Amino acid sequence: MPLDREHQDRRRKATVEILRDTKVGSQQELADLLRKKGIEATQSSVSRDLQDLGAVRVDGVYELPALAPPPDSEFERVREFIRTVQTVGQHRALVTTDAGAARIVARAVDLEKWPEVVGTVSGEDSFVILTKDIVFLKLLLLRFKKFMTNY
């Protein structure tokens with residue numbers, strides 16, 4: 001089973017890389033591109049990965065969800081309280097905030113319903129974000145990096 005999980009993580013990571021660099025119009029095309037990278041993939045595994053990653057077809061091409069929150073979101077209003085984001089293992093990120101702000105920021109993350117987030121656990125000045133696996137953790141970190149550099 002661990003080998004299956006490792007293969008899935010590798011396949012999903014490659015899928016994210018492919019979708020960021022290449023316009024892909026079909027699941028079969030994505031499976032072919034994965035095979036060119038030496039990663040076995042079936043149409044059903046590609047379909048599950050795309051669904052789990054939150055990818056959607058826009059104008060006939062698969063795209064990953066936008067990383068930045070909408071400008072009127074609760075998260076956008078409270079992101080200024082975030083101080084640091086760091087990984088904790090393969091499925092968690094620790095977010096530190098201004099004193100007393102962790103609960104409102106964690107709630108805002110929950111309200112965003114990002115596909116990579118399973119849930120949050122909050123304290124007073126920090127909270128943990130739980131993700132499905134290492135690929136989703138990397139997507140979460142990309143999201144935080146994007147909004148923190150645009151702040």
Side-chain angles (χ1 to χ4, degrees), residues 1-79 82-97 102 105-122 126-151:
M1 185 73 164
L3 290 177
D4 290 342
R5 182 56 135 180
E6 290 172 15
H7 178 73
Q8 181 185 53
D9 289 348
R10 190 167 159 247
R11 189 179 64 237
R12 286 183 176 175
K13 181 179 179 190
T15 297
V16 168
E17 291 169 0
I18 289 168
L19 293 180
R20 290 208 190 280
D21 300 334
T22 309
K23 292 185 178 188
V24 177
S26 72
Q27 293 176 2
Q28 186 59 52
E29 181 182 354
L30 180 55
D32 292 343
L33 290 168
L34 287 165
R35 279 193 282 282
K36 285 181 182 176
K37 288 183 171 262
I39 300 169
E40 276 305 308
T42 64
Q43 185 275 327
S44 61
S45 64
V46 166
S47 177
R48 273 191 311 276
D49 290 346
L50 290 170
Q51 182 177 0
D52 288 347
L53 291 169
V56 294
R57 281 185 64 141
V58 178
D59 296 327
V61 176
Y62 282 102
E63 291 187 10
L64 293 170
L67 296 177
D72 60 342
S73 74
E74 179 71 18
F75 184 77
E76 188 64 29
R77 288 190 283 275
V78 301
R79 74 182 192 165
I82 297 172
R83 294 295 152 239
T84 64
V85 180
Q86 61 185 337
T87 61
V88 182
Q90 293 188 359
H91 304 280
R92 298 174 302 276
L94 177 67
V95 180
T96 59
T97 66
V105 178
R107 181 176 184 277
V109 168
D110 289 336
L111 290 173
E112 289 297 319
K113 300 201 182 307
W114 293 330
E116 66 269 24
V117 174
V118 174
T120 60
V121 180
S122 177
S126 64
F127 66 98
V128 174
I129 301 174
L130 306 170
T131 64
K132 295 176 184 178
D133 58 33
I134 188 83
V135 174
F136 285 100
L137 179 61
K138 288 180 180 180
L139 283 173
L140 179 72
L141 295 175
L142 282 172
R143 184 185 301 276
F144 273 92
K145 182 179 179 181
K146 180 169 179 61
F147 82 74
M148 290 181 89
T149 57
N150 289 339
Y151 187 67

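The structure presented is a predicted model; accordingly, all values stated were derived computationally and were not measured.
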R77 bridged to E74 by N-O distance under 4.0 Å: yes

I'd like to know whether Q28 forms a side chain to side chain contact (heavy atoms under 4.5 Å, CB included) with D32, so could you lay out the CA-CA distance, the side-chain angles of the two residues, the decisive distance to 0.1 Å, and finally the verdict. CA-CA 6 Å; Q28 186 59 52; D32 292 343; 3.0 Å; yes

Would you give the length of the straight line joining atom [atom1] of [X] to atom [atom2] of [Y], rounded to the nearest 0.5 angstrom?
X	Y	atom1	atom2	answer
T15	Q8	OG1	CD	10.0 Å
R20	E63	CZ	CD	11.0 Å
L94	T84	CG	OG1	6.5 Å
R83	T97	CZ	OG1	8.5 Å
L140	I134	CG	CD1	11.0 Å

Contact between [X] and [Y] at the side-chain level, heavy atoms closer than 4.5 Å - yes or no?
X	Y	answer
D52	F136	yes
V105	T120	no
I129	F144	yes
L53	V135	yes
L50	Y62	yes

Applying the salt bridge (Lys or Arg N to Asp or Glu O under 4.0 Å) criterion to D49, which one of R10, K132, R12 satisfies it? R12

Does the pair W114 and V109 meet the rule for a side chain to side chain contact (heavy atoms under 4.5 Å, CB included), with working shown? CA-CA 8 Å; W114 293 330; V109 168; 4.0 Å; yes

For a side chain to side chain contact (heavy atoms under 4.5 Å, CB included) check, start with the C-alpha distance between V88 and V128, then their side-chain angles and the critical distance, and finish with the verdict. CA-CA 9 Å; V88 182; V128 174; 6.0 Å; no

For S44 and T42, test the side chains for any donor-to-acceptor distance below 3.5 angstrom and give the result as yes or no. yes

Determine whether more than 12 heavy atoms belonging to other residues, nucleotides or ligands lie under 6.0 Å from atom CD of E17. yes

Does CG belonging to D59 count more than 12 external heavy atoms closer than 6.0 Å? no

Backbone N or O of [Y] within a donor-acceptor pair of the [X] side chain at under 3.5 Å?
X	Y	value
T131	E116	no
S126	V95	no
R11	E40	no

Chi angles and distances behind the salt bridge (Lys or Arg N to Asp or Glu O under 4.0 Å) call for R107, D110: CA-CA 5 Å; R107 181 176 184 277; D110 289 336; over 6 Å; no

Could you tell me which non-hydrogen atom of [X] sits nearest to which non-hydrogen atom of [Y], and how far apart they are?
X	Y	result
S122	A106	CB-CB, 4.0 Å
E29	S26	N-OG, 3.0 Å
A93	V85	CB-CG1, 4.4 Å
I39	H7	CG2-CE1, 3.8 Å
A14	K37	CB-CD, 4.2 Å
S47	Q27	CB-OE1, 3.5 Å

Side chain to side chain contact (heavy atoms under 4.5 Å, CB included) between I18 and K36, worked out: CA-CA 11 Å; I18 289 168; K36 285 181 182 176; over 6 Å; no

